[in-house]
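For reference, the structure discussed in these notes is given below.
Every heavy atom of this structure was used, including side-chain atoms; hydrogens, water molecules and symmetry mates were not.
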Amino acid sequence: ISVTGVQTCALPIFVKEGSRVLLVDKQRAWEPQFICDALGKDPRISLFPVWLRGLEKPDDDVRDLFRFDQRNYDAIIFGDVSAAQLGNLGPNILEQIERMVFDKGTGFMMLGGYQSFGNGDWKGTPIEKLLPVLLDAQGQIDNPLKMVPTDDGLRRYSYILKVTNQAQETNQAWAKLKELDGQTKLGSLRPGLSSVLAESDRKNPLLVTQNYGKGRTLAFAADTTYKWIRNPESKQVHARFWAQMVRWLARQEEMEGSVVVIPDSRRVAVRGELGFRTLVRGKDGNELDQAKFGGVVIGPDGKSTRVSILKRGNEYRGSFADTEKAGEYRIEVEGEGLRSEEHTSELQSH
């Protein structure tokens with residue numbers, strides 16, 4: 001976790017890379033831990049988990065854990081927590097999140113749980129506006145159930161639900177997954193706004209979405225997807241589903257198969273050199289072996305500086321040394337690659 005330094009000689013800078021995801025849940029076993037494991041396997045996702053305990057008021061250091069002004073989250077996930085718990089973390093936390101989704105396009109998702117949706121105290125809060133379902137239902141469905149993508153989900157939201165490389169095998173892959181341990185009852189859909197991506201084998205909505213301002217939101221009634229993991233194949237499906245769902249929330253699904261930027265470090269000292277390597281992938285996900293790149297680094301003051309990216313050995317590398325100001329630095333790169341054996345080129349950007 002990045003922290004703000006206080007000594008002039010050692011103030012950190014931050015590098016924006018991929019999707020930044022905030023996960024807020026209570027301290028519990030299984031589901032949130034397996035979500036962390038799944039998202040942690042994707043180098044394009046930086047996960048910041050916050051674990052809540054009870055309703056005690058935290059000290060000032062804990063209140064600042066979210067750091068909305070520094071981290072610029074691309075997606076936020078709420079697990080089995082209450083509005084009261086979130087409210088104790090600082091003034092206007094829920095209002096800030098609602099505005100981040102509406103104005104900035106931050107993605108938001110709530111998971112099923114005993115304090116989620118209509119089971120909790122979310123009615124009348126800014127978070128209620130984000131949800132693609134109304135808070136007019138309470139309780140749990142405790143019977144084991146299968147998660148089944150809808151036709152609309154597979155057609156319009158295939159990026160989330162396509163868990164194999166072959167579209168025709170997706171239904172088979174979902175059918176092979178183990179049953180979930182029930183679900184939270186979701187309320188009524190918002191007429192004309194909500195879409196059901198997946199439902200249970202009893203036809204109860206499980207995964208529902210809507211657009212809210214510039215952001216995308218999801219209601220996911222399950223919280224036992226770890227039950228899917230039984231072997232290496234199902235573990236890969238679980239990880240792929242969670243990573244794709246998060247990148248879709250962050251509106252970064254179009255970055256699949258594009259330029260990859262990998263900083264040598266996500267945190268360096270002021271006046272230190274920020275080095276990074278790049279590569280460009282074709283539409284099949286494989287690296288293109290001949291490439292050329294152009295890039296800029298955008299500093300915390302909004303100033304853009306062009307950087308050269310050259311091939312050094314087997315890698316394409318760039319560096320940036322104008323790190324006088326503490327804060328977040330974002331690397332933006334365009335790349336064009338050529339696959340020699342196919343004699344084709346593809347233009348990608350990141």
Side-chain angles (χ1 to χ4, degrees), residues 23-26 28 30-32 35 52 55 75-87 93-95 97-98 101-102 107-154 156-157 160-161 174 177-213 215-228 241-242 245 248-249:
L23 170 64
V24 185
D25 208 331
K26 66 183 181 183
R28 59 185 176 126
W30 306 114
E31 184 71 349
I35 292 173
L52 303 184
L55 288 172
I76 297 173
I77 302 171
F78 279 4
D80 193 12
V81 294
S82 69
Q85 285 178 301
L86 270 293
I93 289 289
L94 302 183
E95 289 82 356
I97 292 173
E98 187 268 335
V101 176
F102 191 89
F108 178 83
M109 174 166 55
M110 181 176 283
L111 306 181
Y114 294 102
Q115 299 186 85
S116 302
F117 302 107
N119 291 339
D121 54 354
W122 296 103
K123 196 168 185 63
T125 71
I127 299 302
E128 181 183 13
K129 304 175 187 177
L130 306 179
L131 299 173
V133 294
L134 303 179
L135 300 181
D136 57 1
Q138 295 180 327
Q140 301 287 118
I141 298 174
D142 293 325
N143 298 320
L145 55 88
K146 282 273 195 178
M147 180 168 170
V148 183
T150 64
D151 291 339
D152 191 39
L154 291 173
R156 296 173 57 194
Y157 304 96
I160 298 176
L161 297 169
W174 281 104
L177 293 176
K178 291 289 185 179
E179 295 176 320
L180 301 170
D181 283 348
Q183 67 168 96
T184 297
K185 292 181 180 179
L186 294 181
S188 305
L189 304 182
R190 295 188 182 274
L193 298 175
S194 302
S195 299
V196 179
L197 283 63
E199 57 190 13
S200 74
D201 48 4
R202 295 174 176 81
K203 301 299 182 180
N204 294 309
L206 260 179
L207 184 61
V208 185
T209 187
Q210 74 164 352
N211 292 326
Y212 183 75
R216 294 168 170 173
T217 71
L218 285 170
F220 189 26
D223 74 337
T224 56
T225 61
Y226 69 90
K227 290 283 186 175
W228 292 341
F241 168 72
W242 274 102
M245 188 157 53
W248 181 85
L249 276 176

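With rounding to the nearest 0.5 Å, the separation of CG in Leu134 from OG in Ser188 is 5.5 Å. Between the CG atom of Leu111 and the CG atom of Leu218 there is a distance of 10.0 Å, given to the nearest 0.5 Å. Residue Phe102 holds its CZ atom at 6.0 Å from OH of Tyr212, rounded to the nearest 0.5 Å. Atom CH2 in Trp242 sits 4.0 Å away from atom CE in Met109 (nearest 0.5 Å). The structure places CD of Gln140 at 8.0 Å from OG of Ser116, a figure rounded to the nearest 0.5 Å. Of the inter-residue distances, the one linking Asp181 atom CG with Ile141 atom CD1 reads 13.0 Å to the nearest 0.5 angstrom.
No side-chain donor-acceptor contact under 3.5 Å links Trp30 to the backbone of Thr225. For Asp223 (side chain) and Gly79 (main-chain N/O), no donor-acceptor pair under 3.5 Å exists by modelled atom type. Put simply, the side chain of Asp25 gets close to the backbone of Asp80: a donor and an acceptor are under 3.5 Å apart. Looking only at distances, no side-chain donor or acceptor of Glu179 sits under 3.5 Å from a matching main-chain atom of Asn143. Under a 3.5 Å cut-off, the side chain of Thr150 and the backbone N or O of Val196 do form a donor-acceptor pair. Using modelled atom types, no side-chain atom of Arg156 and backbone atom of Leu197 make a donor-acceptor pair closer than 3.5 Å. Proximity of a side-chain donor or acceptor of Glu31 to a complementary backbone N or O of Tyr226 within less than 3.5 Å is detected. With Arg216 contributing its side chain and Trp248 its backbone, the two residues share a donor-acceptor pair below 3.5 Å. Side-chain N or O atoms of Asp121 include one that pairs as donor or acceptor with a backbone N or O of Ala84 at under 3.5 Å. Under the 3.5 Å distance criterion, the side-chain polar atoms of Thr217 are left unmatched by any main-chain donor or acceptor of Phe108.
By the 4.5 Å heavy-atom criterion applied to side chains, Leu177 and Met147 are not counted as neighbours. Taking the side chain as every heavy atom from C-beta outward, Leu145 and Leu206 approach each other to under 4.5 Å. Between Trp174 and Val148 there is no side-chain heavy-atom pair separated by less than 4.5 Å. In this structure the side chain of Pro205 never reaches within 4.5 angstrom of the side chain of Val133, judged on heavy atoms.
Between Arg190 and Glu128, the closest heavy-atom pair is NH2-O, 2.8 Å. Ala83 and Leu94 make their closest contact through CB-CD1, 4.1 Å (heavy atoms, listed as atom of the first residue, atom of the second, distance). Nearest heavy atom pair, residue Gln115 against residue Ser82, reads OE1-CB, 3.3 Å. Taking every heavy atom of both residues into account, Asn119 and Gly113 meet most closely at ND2-O, 3.1 Å. Nearest heavy atoms, Pro144 versus Arg202: O-NH1, 2.9 Å.
For the side-chain contact (heavy atoms from CB on, under 4.5 Å) test with Ile76, the passing option among Ile97, Leu23, Ile127 is Ile97; the others fail.
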Residues Val24, Leu52; criterion side chain to side chain contact (heavy atoms under 4.5 Å, CB included); working and verdict: CA-CA 7 Å; Val24 185; Leu52 303 184; 3.8 Å; yes
Between Ile77 and Phe220, does a side chain to side chain contact (heavy atoms under 4.5 Å, CB included) hold up when you go through it step by step? CA-CA 10 Å; Ile77 302 171; Phe220 189 26; over 6 Å; no
For Leu207 and Tyr157: C-alpha separation, side-chain torsions, deciding distance, then whether side chain to side chain contact (heavy atoms under 4.5 Å, CB included) applies. CA-CA 11 Å; Leu207 184 61; Tyr157 304 96; over 6 Å; no
Before giving the answer on side chain to side chain contact (heavy atoms under 4.5 Å, CB included), spell out for Ile160 and Thr209 the whole-Å C-alpha distance, their side-chain angles and the decisive distance to 0.1 Å. CA-CA 12 Å; Ile160 298 176; Thr209 187; over 6 Å; no
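Heavy-atom neighbours of Lys146 NZ from other residues, nucleotides or ligands within 6.0 Å: above the threshold of 12.
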